Amino acid sequence: MSRYDAATIEAKWQQAWDEAEVFRARPDPDRPKYYVLEMFPYPSGNLHMGHVRNYAMGDVVARYKAAQGFSVMHPMGWDAFGLPAENAAIERNIHPGEWTYANIANMKQQFASLGLSLDWSREFATCDPDYYGQQQALFIDFLDKGLVYRKNAVVNWDPVDMTVLANEQVENGRGWRSGALVERKELTQWFFRISEHSEELLTALDGLTDWPEKVRSMQANWIGKSQGLRFAFDLTAPAGGQEKIEVYTTRPDTLMGASFVGISPDHPLARALEAENPEIAEFCAECRRMGTSEADLETAEKKGFDTGLKARHPLDPSWELPVWIANFILMDYGTGAIFACPAHDQRDFEFSRKYGLPIKSVFVPADAPAEAGPEYLDQEEEAFVPAKTDAVRYVMGFAGTPTTGEEGVAAAIAAAESAGWGAGVTQFRLRDWGLSRQRYWGCPIPVVHCEACGVVPEKKENLPVRLPEDVEFDRPGNPLDRHPTWRDVPCPACGAAAKRETDTMDTFVDSSWYYARFTSPGAATPTDRAEADYWMNVDQYIGGIEHAILHLLYSRFFARAMVICGYLPESAKEPFNALFTQGMVTHEIYQTRDDRGRPVYHLPSEVTDGKLENGTEVEVIPSAKMSKSKKNVVDPVAIVTRFGADTARWFMLSDSPPERDVEWTSAGAESAFKHLSRVWRMTSELAAHAEAGGEIGDDDLARATARAIRDVTEGIEGFAFNTSVAKLYGFTNTLHKSKAPNADRVRALRVMAQLMSPMTPHLAEEIWSLLQGEGLVAQATWPKADPALLVEANVTLPIQINGKRKAEISVAKDMPKAEIEALVLAHEAVQKALAGSAPKKLIVVPGRIVNVVV
RNA sequence: GCCCGCGUGGUGGAAUGGUAGACACAGGGGACUUAAAAUCCCUAGGCAAUGCGCCGUGCCGGUUCGAGUCCGGCCGCGGGUACCA
């Protein structure tokens, strides 16, 4: 007997699908449309298992929806701009474009081997001039609508390489190549006005009911709406041209516990003081020798400098608070200035202890001793920070007698407003989106700087503003800046000699509208409205949880901006109807040490039974996300070559729930292959008995088939592909053991082929064809379970005694409660437990369980 | 630091607040085979010892007739933290 030959089967059916153009998306008035999209990949050059998992999931949805009668669009493209191409250019002296397109060609071939139901006719890369030209057109329209503007912002500056660094290029405060201490540097940059949409982006989250709750909650926290008080501390004497310091606080109720006023090193007052005082200049310079990332700033040691200035407390003009510059205060937040209340903020507490500043309690726990007062925390190690809704007792309030923080804040705002020294304001944490990048491999920002006219957008007929090809990466920095001629252009407004902008766009811009471009990838405008109106929204979006905030929030903003500019219908302002976030693919890490004790990593393919080929034992480190640096990667191509794409897909979908991480094990891949081989063997044994349709006559097999249809369908609908896979294992076992006539088993196996087709499409197609199914299984209608076959006559009821299962009874499904109770009470185990007395309680949940409380 | 998740046998995991461990991997036993591979059958949380029992879903506590599931507090791991994508 021949064996399961995945390579032959897969090539055959991939060709058949291509020839029949099965996956070509076309508007169809007779069917509802369904747009499935997986986050497009960065073309690193090689497919990894995370891709296989992500795209296998999307493929299940796309194929299943097609079988359900939808007109499906399932496109694919490339998120092709970004840092790695420039790094490759520097390291290997290859042009970023050449490197990127070679990677795309390679990966596309690998994609093809997986047999995904993709409509490749819509493919594009974000580095295609056609795509980024339309992005430039969008930028110009956004500029016109006031959605983009320029302001100053800080970047990580490498003073040796004279270049801007990404946060990930800063390691322990030093540039990753030069090793130089990184500085913060201010540049004029372009910003999208996303913060103007904070309220809308926040409230609209409530409508995204098919998004994971965790993603909505992360976005809500990121947007960070808060109610607080804005007011000013008057300086006792003007300094640095300032007479007061404006602050924002969400805890105005703690104002009587203030110990100092803190300002950011980038605050205008700090800037002014720097110029006069070398010590302050040195301190601020030290603060600026830090990366710009929030995690770095927040975890760095808290440092401060007493400016010697004093500020008057707004409630007591005779109370003078010292003004400190502190490294943890961000200029981007609120007003860049705070007042510190160490008793009720852990960071302020530590800072105050370090610098010997007073710590006065404003409130104490509700159950604190009656004599507890402002000195309550004197001996404590931590600030007292209860939930805002917890009951507390104010000992130094200034507005009534609130009983919780929440009430205290409201009362403090009301008091400040009526006394006229402060205003309650709503504040958002969300900042405007800085899109300027001082790099070559990105979409050029289509503006020209003219001495006479200022910043002028390029004319749309001159788009795309193409990246020049003749660039060198022999030194750090942006090659666009030093290109001999590229910058020189006439001003689009006056025609005089002018200079192009050399900054390019953040790659998040590229990925913020690609879903819209897929609806009409060749259009001469960013979208074709008829196509966009038809295909939008994305019905199911699938991608990694790592994109929960930035990519998804930016896309939501961009969709709104595109609606404003008329490129999308109003209904598309939330572009993704449903979102699913899948987990990562992980693997054990194999490590040895070199003669200096440094770790050396080994590929799984080099390790057998915990040993290298030369017999050296490796240390096994628990699984982590597959990464090249740890070498815990498995090449999908090798798996596909060895077992076939269906095995790789099947294994990626089995075992782990899609939203959780999955661990790749070679044993798991082998068992997946074994199973598919078994199904194939059953098929080849039964193929001789294949004949035309008809019902399954054998009652048990008919019922098992109906249950399989129900359960597999439920699994797919609920994004629990692992349970669908488990049910298919079970159905295979049933079919294997069934003594039903061959014709019945053929019929059941045909159904199984349909149920398997979203996951293992090639094998399903082969089974379908061997068993003489009609047409392609990829175009067959999804099977329906006969409800009559799903009805069970009897149910097993577990009997619990005091919540612990002790026995069970089998009863008719519709048996009345009273009869069940009688049966239960008569049961031997219950009699024994009751020992003659009556039960305290008898709970009967029909069809579920019985609990006897004794 | 902050925000958001996750934690169940030797392993991956299943389980609308209702029989914890479905399905599978590895393991053990058996069949077939000269033998091996492949395949097929049986077994399988731990302790105890043979019926029956006790313990058990990271740890501590709570709500409930009943908690892996809900609530509070810890511990550990992971994702994000605005220039990685």
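Numbers restart at 1 for each chain; the letters A, B, ... are given by sequence-line order, proteins then strands. Remember, it's a predicted structure, so these values are computed and weren't measured experimentally.
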Heavy atoms under 4.0 Å, any strand shown: does [X] hit a base, just sugar-phosphate, or nothing?
X: Asn802(A); value: nothing
X: Lys804(A); value: sugar-phosphate
X: Trp222(A); value: base
X: Lys806(A); value: sugar-phosphate
X: Lys302(A); value: nothing
X: His547(A); value: base
X: Phe508(A); value: base
X: Gly82(A); value: sugar-phosphate
X: Ser436(A); value: base
X: Val845(A); value: base
X: Val850(A); value: nothing
X: Leu430(A); value: base
X: Ala548(A); value: nothing
X: Ser217(A); value: sugar-phosphate

For [N] and [M], measure between their [atom1] atoms and round to the nearest Å.
N: rG53(B); M: rA49(B); atom1: C1'; answer: 10 Å
N: rU63(B); M: rG51(B); atom1: C1'; answer: 38 Å
N: rG17(B); M: rC71(B); atom1: P; answer: 12 Å
N: rG18(B); M: rG1(B); atom1: C1'; answer: 42 Å
N: rC23(B); M: rU34(B); atom1: C1'; answer: 37 Å
N: rG13(B); M: rG68(B); atom1: C1'; answer: 13 Å
N: rA15(B); M: rC54(B); atom1: P; answer: 28 Å
N: rU16(B); M: rG61(B); atom1: C1'; answer: 27 Å

Nearest-neighbour nucleotide for the [X] side chain, [options] considered:
X: Arg805(A); options: rA20(B), rU81(B), rU8(B); result: rA20(B)
X: Gln438(A); options: rU16(B), rC83(B), rG1(B); result: rC83(B)
X: Asp79(A); options: rG79(B), rA85(B), rG13(B); result: rA85(B)
X: Arg439(A); options: rG66(B), rA85(B), rC83(B); result: rC83(B)
X: His736(A); options: rA82(B), rC41(B), rC23(B); result: rC41(B)
X: Glu808(A); options: rU8(B), rU19(B), rA85(B); result: rU19(B)
X: Pro657(A); options: rC83(B), rA14(B), rC41(B); result: rA14(B)
X: Asn851(A); options: rA26(B), rG66(B), rU19(B); result: rG66(B)
X: Asp655(A); options: rC41(B), rG12(B), rU8(B); result: rG12(B)

query: Ile843(A) has an atom CD1; how far is it from atom C1' of rG17(B), in whole Å?
result: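 Roughly 12 Å, once rounded to whole Å.
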task: Starting from C1' on rG21(B), measure out to CG on Asn722(A) and report it in whole angstrom.
output: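 For the pair Asn722(A) CG and rG21(B) C1', the rounded distance is 15 Å.
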message: Under 4.0 Å between a side-chain nitrogen and a carboxylate oxygen: does that hold for Arg707(A) and Glu792(A)?
response: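 Looking at Arg707(A) and Glu792(A), the cut-off is met.
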query: So, are Arg193(A) and Asp432(A) salt-bridged, with charged N and O less than 4.0 Å apart?
result: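 Salt bridge flag = no for Asp432(A) with Arg193(A).
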query: Looking at Asn733(A), Thr760(A), Val712(A), Thr723(A), which hits side chain to side chain contact (heavy atoms under 4.5 Å, CB included) with Leu728(A)?
result: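 Filter result, single survivor: Val712(A).
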query: Which residue, Glu213(A) or Lys841(A), contacts RNA chain B at a nucleotide closer to its 5' end, judged by nearest heavy atom?
result: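 Its nearest nucleotide being more 5', the pick is Glu213(A).
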Would you find a donor on one side and an acceptor on the other, under 3.5 Å apart, between the side chain of [X] and the backbone of [Y]?
X: Ser264(A); Y: Ile329(A); result: yes
X: Tyr4(A); Y: Val679(A); result: no
X: Gln346(A); Y: Ala383(A); result: yes

Quick check: closest heavy atoms across [X] and [Y], and the distance to 0.1 Å?
X: Trp441(A); Y: Ala85(A); result: CD1-CB, 3.3 Å
X: Val852(A); Y: Pro839(A); result: CG1-CB, 3.9 Å
X: Tyr514(A); Y: Glu38(A); result: OH-O, 3.9 Å

- prompt: Between Lys214(A) and rC4(B), does any side-chain N or O lie under 4.0 Å from OP1 or OP2?
  reply: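 It does not, given that no N or O in the side chain of Lys214(A) lies less than 4.0 Å from OP1 or OP2 of rC4(B).
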query: When Watson-Crick pairs (N1 to N3 and N6-O4 or O6-N4) and G-U wobble pairs (N1-O2 and O6-N3) count only below 3.5 Å on both distances, what is the dot-bracket string of RNA chain B, with | for other-strand pairs?
result: (((((((..(((.....[....))).(((((.......))))).(((.....)))..(((((..]....))))))))))))....
field: Donor + acceptor pair across side chains of Gln135(A), Asp510(A) (<3.5 Å)
entry: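 Short answer, yes.
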